[in-house]
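Quick caveat: nothing in here was measured; it's all calculated off a predicted structure.
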There are 2 protein chains.
Amino acid sequence: MANKPDSREKILQTASRLFQLQGYHATGLNQIIKESGSPKGSLYYYFPNGKEELAAEAVKYTSRYIEAKIQSFMEQVPDPVVAIQEFIKEAASQFDQPETIKGIPVGLLASETALISEPLRKVCVQAFKNWETIIANKLIKNGYEEDEAVKAGTVINSMIEGGIMLSLANKSKAPLLTISESIPLILHRKG
Amino acid sequence: MANKPDSREKILQTASRLFQLQGYHATGLNQIIKESGSPKGSLYYYFPNGKEELAAEAVKYTSRYIEAKIQSFMEQVPDPVVAIQEFIKEAASQFDQPETIKGIPVGLLASETALISEPLRKVCVQAFKNWETIIANKLIKNGYEEDEAVKAGTVINSMIEGGIMLSLANKSKAPLLTISESIPLILHRKG
DNA sequence: GTCTATATTCTGATAGAC
DNA sequence: GTCTATCAGAATATAGAC
């Protein structure tokens, strides 16, 4: 059980990176198979439903990565305000120099496909929900009422996604850092 | 001076609508000329630099429209918190039923093109800056310190753009309404 | 099962008729 | 100046060799 679907993994990894960076429509299947080094036949063998299926799997792949990262910050930093701020600062750091930008989670792909593909829309919605739940659970664990925690999760997720978009457009980490500064305002002490 | 560049205006109007709704890469020039009823020759006559120039003009066109709308809310509602909340609620209303969705300002196009077209990136950045300035000026007029007002403008703009994205993906106005509820937290009384 | 070569459609762009 | 017909290339997808 050592060398199983290594080719599938490579395609998925390359696709995830390119979809995040360029979006759905700007990323061609030819580019994916070229950069991953795999032939096009493998792509349709592993993802019989073509681009849409590949993109859906890529979103799940990216989502799990981000989930793990958020979870890690929440577990390691006791104060939820500081934990969220540290996560945002880490996300901001990549916008320092344009050539270091690695990806724009799934906001871009979600916007592109929400009106044209139900399967893709649903995996994006699920990704957002998972992230928001991790944040909300951290807040609940720290004394927040459930309803307030869930709403705060949505607000913080919006701020981060919007902030990533502004940082990308401005080629500057400044917008995301400003967002980070405002987190204490959203999470005023409750309990 | 009655029937001047009526054809140009029609192309621009159709292009603006489609770019907002579908994004840059998903919107073909053929679709624009088909829906606007104009021939392709006219498009390249009025926009010699092709798709990129047309998209840049479309962003400016959309930006002016949104500017006027924000300005209108800021002038008619005295309290800045209520004014911003009313603007967000109006933006949210279109996500009630999917078929009524008119557009996603410029966030989608900005994300798609930030890394591949400097001219497009710059017009998007300018649009964001204009909107943020209108909000910041309203806050300054109501006793906010300039530095705080500018930062609040960025935060609110991020929340709105992120909220639009979430509402689009969820096909629900709920995320934007939650954003609206959280505006008082950002704009706690200062002066 | 893995991969290559090809089919079909559509893209942005242009040349040139009127 | 206004528009039509067409270009070369890229898109997704498939057929079929091995």
Problem set entry | Over 12 non-hydrogen atoms of neighbours within 6.0 angstrom of CD in A:E146 | no
Exercise. Using 4.0 Å as the upper bound for N to carboxylate O, is an ion pair formed by A:E132 and A:K129?
Worked result: no
Exercise. Are B:Q22 and B:T27 close enough, and set up right, to give a side chain to side chain donor-acceptor pair (under 3.5 Å), and what steps lead you there?
Worked result: CA-CA 6 Å; B:Q22 309 176 336; B:T27 301; 3.1 Å; yes
Within the sub-3.5 Å range, which N or O atoms of nucleotides 1-6 of chain C have a protein N or O partner, and how far apart are they?
| unit_1 | atom_1 | unit_2 | atom_2 | d |
| --- | --- | --- | --- | --- |
| C:dC3 | OP2 | A:S42 | OG | 3.0 |

Can you tell me how far [atom2] of [N] sits from [atom1] of [X], to the nearest Å?
X: B:N49; N: C:dT14; atom1: CG; atom2: C1'; value: 14 Å
X: B:K34; N: D:dT4; atom1: NZ; atom2: P; value: 15 Å
X: B:I33; N: D:dT4; atom1: CD1; atom2: C1'; value: 11 Å

Exercise. What side chain to side chain donor-acceptor pair (under 3.5 Å) pairs are there with at least one residue in residues 163-176 of chain A, not counting sequence neighbours?
Worked result: A:D96-A:K173, A:K171-B:E118
Could I get a table of every N or O pair under 3.5 Å where one atom is in the protein and the other is in nucleotides 9-11 of chain D?
| unit_1 | atom_1 | unit_2 | atom_2 | d |
| --- | --- | --- | --- | --- |
| D:dA11 | OP2 | A:N30 | ND2 | 3.4 |

For [range], which residue pairs qualify under ring pair (Phe, Tyr, Trp, His ring centres under 6.0 Å), counting only residues two or more places apart or in two chains?
range: residues 109-133 of chain B; value: B:F128-B:W131
range: residues 101-120 of chain B; value: none
range: residues 96-118 of chain A; value: none

Problem set entry | Heavy-atom closest contact (A:S182 atom, A:M159 atom, distance) | OG-CE, 3.0 Å
